[in-house]
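Remember, it's a predicted structure, so these values are computed and weren't measured experimentally.
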Amino acid sequence: QVQLVESGGGSVQAGDSLRLSCAASGHSASSAAMAWFRQAPGKDRRFVASISWGGDDTHYEDSVKGRFTISRDNAKNTVYLQMNSLEPEDTAVYYCAARLTENSRYYYWQTYEHDYWGQGTQVTVSS
């Protein structure tokens, strides 16, 4: 089992930055590929970024490339999402997700590939 708790959301202006954190706990938290998804009102939950448990391999949704950076600190069992140049279109509830894997270089980007989810944190960007 892996428990995930997100933090760092808030209300900002367009062009501002936020850093989301996802603290993982549980027996296998250190060997989990991690990802961020987001869900805007009335829309499906969508992929944002993912990272392997080794931390060297990452993958981004096209609209956030160059603006968002995913990283992890395995000593702290925490994954981060640094979000720069925020746009109103980034407004959503952001969810952290985890998938246990034996391969340190694997990452995943489909919702069904992840077994564990956090409760979400709201990000609101106003113009």
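When atom types are taken as modelled, the side chain of Gln39 and the backbone of Ala92 share no donor-acceptor pair closer than 3.5 angstrom. Ser52 places no side-chain N or O within donor-acceptor distance of the main-chain N or O of Tyr107, the cut-off being under 3.5 Å. Checked by atom type and distance alone, the side chain of Gln110 never pairs as donor or acceptor with a backbone atom of Tyr112 at under 3.5 Å. Ser104 places no side-chain N or O within 3.5 Å of a backbone atom of Gly54 that could act as its donor or acceptor partner. Remark: side-chain polar atoms of Trp53 are paired, donor with acceptor, to backbone N or O of Thr101 under 3.5 angstrom. Under the 3.5 Å distance criterion, the side-chain polar atoms of Ser50 are matched with a main-chain donor or acceptor of Tyr108.
Note: Lys65 NZ to Thr58 OG1 = 9.5 Å, rounded to the nearest 0.5 Å. Remark: His59 NE2 to Ile51 CD1 distance equals 13.0 Å, nearest 0.5 Å. The distance from atom OG of Ser25 to atom CG of Leu4, rounded to the nearest 0.5 Å, is 7.5 Å. In this structure, the separation between CH2 on Trp36 and CG on Leu20 is 4.5 Å, given to the nearest 0.5 Å. Atom CE of Met34 and atom OG1 of Thr78 lie 9.0 Å apart (nearest 0.5 Å).
Among all heavy-atom pairs drawn from Tyr94 and Val48, the shortest one is CE2-CG2, 4.3 Å. Here the shortest heavy-atom pairing between Asn84 and Ser17 reads OD1-OG, 2.9 Å. Taking every heavy atom of both residues into account, Ala49 and Leu81 meet most closely at CB-CD1, 4.2 Å.
Other members of a hydrophobic cluster containing Tyr80 are absent, since no ILVMFWY side chain comes under 4.5 Å of it, directly or through relayed contacts.
Between Gln119 and Glu6 there is a side-chain heavy-atom pair separated by less than 4.5 Å.
Not counting sequence neighbours, the partners of Phe37 by the ring-ring contact (aromatic ring centres under 6.0 Å, His included) test are Phe47, His114, Trp117. Under the rule for a side chain to side chain donor-acceptor pair (under 3.5 Å), the partners of Ser126 that lie at least two apart in sequence or sit in another chain are Gln13.
Put simply, Tyr106 and Ile70 are part of two different groups of oily side chains (I, L, V, M, F, W, Y) that touch within less than 4.5 Å, one to the next. Residues Val12 and Met83 fall within the same hydrophobic cluster, defined by Ile, Leu, Val, Met, Phe, Trp and Tyr side chains chained together at heavy-atom separations under 4.5 Å.
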Test log, rule side chain to side chain contact (heavy atoms under 4.5 Å, CB included), inputs Gln3 and Val5: CA-CA 7 Å; Gln3 294 79 43; Val5 179; 5.7 Å; no
Audit row: Leu18, Phe68, side chain to side chain contact (heavy atoms under 4.5 Å, CB included) steps and yes/no: CA-CA 10 Å; Leu18 275 177; Phe68 291 10; over 6 Å; no
Steps toward side chain to side chain contact (heavy atoms under 4.5 Å, CB included) verdict (Val125, Asp16): CA-CA 8 Å; Val125 185; Asp16 286 349; over 6 Å; no
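Residue pairs that meet the salt bridge (Lys or Arg N to Asp or Glu O under 4.0 Å) test with at least one member in residues 96-124, sequence neighbours left out, are Asp57-Arg105. Sorted by first and then second residue, the pairs that involve residues 30-51 and meet salt bridge (Lys or Arg N to Asp or Glu O under 4.0 Å), not counting sequence neighbours, are Arg38-Asp90. Residue pairs meeting the disulfide (SG to SG under 2.5 Å) criterion with at least one member in residues 62-127, sequence neighbours excluded, are Cys22-Cys96.
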